[in-house]
Amino acid sequence: QAERAAWDSQWWFKALFDRAPDAFAIFDEQGHCVDANQATTTMLGYTRGEMLNMALWNDVPPDRLPELRQMWEKFLAVGWLEGEFTCQRKDGTPVEVDYLAVAHFIPGLHLCAVRDISGRRQAEEKLARYMEHLRRLGTIVYLSVSLPALARRLADAAERGIVGYPRMSIGEIYESR
């Protein structure tokens, strides 16, 4: 009975791990991949066999390696880590990810859940460009409405001589330019 319960438990965990929509990978103490689910292999473009022959450092742009090594040391010391990072797919293209990692979820093994946020980043950048465009458009609309009214008020004030200049007609104001 206990043996059957243990097998069922392992089967449920393995099914959940393998079929999860988010990428999950398990690493040993040295950062070598000991398991990766289908979402991980799809996101990074490696086969599961290739992933099992890799370390955490293999799917990172070379200029980010020192940062990743520091993050790994912090992760092992603190016991968990979360944030955003840029990984590198097999074809060399970058992939922006959001991750949550838990150290020693099983003694000597570390679980990392990763989600591709490249699409979200692109949408955020596009939204920022649209917002800037709208801000500029709003300024143009504001100026196109406000400047003529301001010009009329200044011209009226000049005609009445209340802005500190001698009285002038609108015609004289324009002619003096």
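FYI, the numbering just counts along the sequence from 1.
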> Does the side chain to side chain contact (heavy atoms under 4.5 Å, CB included) test come out yes or no for L44 and K90, once each step is laid out?
Replying inline: CA-CA 6 Å; L44 296 176; K90 182 178 180 179; over 6 Å; no
> Please walk me through it: do H32 and W57 pass ring-ring contact (aromatic ring centres under 6.0 Å, His included)?
Replying inline: CA-CA 9 Å; H32 295 108; W57 335 110; 8.4 Å; no
Between [X] and [Y] (salt bridge meaning N to carboxylate O under 4.0 Å), is one present in this structure?
X: D22; Y: R115; answer: yes
X: R89; Y: D116; answer: yes
X: R129; Y: E132; answer: no

With the side chain counted from C-beta on, respond yes when [X] and [Y] share a heavy-atom pair under 4.5 Å apart, and no when they do not.
X: E73; Y: F75; answer: no
X: L109; Y: H104; answer: no
X: M51; Y: T40; answer: yes
X: R64; Y: T86; answer: yes
X: R69; Y: K74; answer: no
X: D35; Y: K14; answer: yes

Same cluster (ILVMFWY, side-chain, under 4.5 Å), [X] and [Y]:
X: L76; Y: V114; result: yes
X: L111; Y: V34; result: yes
X: M43; Y: M54; result: yes

>> By the definition ring pair (Phe, Tyr, Trp, His ring centres under 6.0 Å), identify the one residue from W72, F27, F24 that meets it with H110.
In response: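 For H110, the ring pair (Phe, Tyr, Trp, His ring centres under 6.0 Å) test succeeds with only one of W72, F27, F24, which is W72.
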> Who are the side-chain hydrogen bond (donor to acceptor under 3.5 Å, both in side chains) partners of N53, not counting sequence neighbours?
Replying inline: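 Expected list: none.
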>> Tell me the closest heavy-atom pair linking P21 and A39, and the distance in Å.
In response: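 Of all heavy-atom pairs spanning P21 and A39, the closest is O-CB, 3.6 Å.
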> What closest approach, in Å, do C87 and V97 show between heavy atoms, and which atom pair accounts for it?
Replying inline: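 Scanning both residues completely, I find the closest heavy atoms to be SG-CG2, 3.9 Å.
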>> Looking only at side-chain N and O atoms, does S118 offer a donor or acceptor that is under 3.5 Å from a partner on E96?
In response: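 No, no side-chain donor-acceptor pair sits under 3.5 Å.
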Enter the distance from [X]:[atom1] to [Y]:[atom2] here, rounded to the nearest 0.5 Å.
X: I26; Y: C112; atom1: CD1; atom2: SG; answer: 10.5 Å
X: F85; Y: M71; atom1: CZ; atom2: CE; answer: 5.5 Å
X: C33; Y: Y46; atom1: SG; atom2: OH; answer: 11.5 Å

> When you measure from the side chain of N37 to the backbone N and O of F17, does any donor-acceptor pair fall under 3.5 Å?
Replying inline: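 Such a contact is found between N37 side chain and F17 backbone.
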> What pairs with D63 under side-chain contact (heavy atoms from CB on, under 4.5 Å), at least two apart in sequence or on another chain?
Replying inline: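 Expected list: P61.
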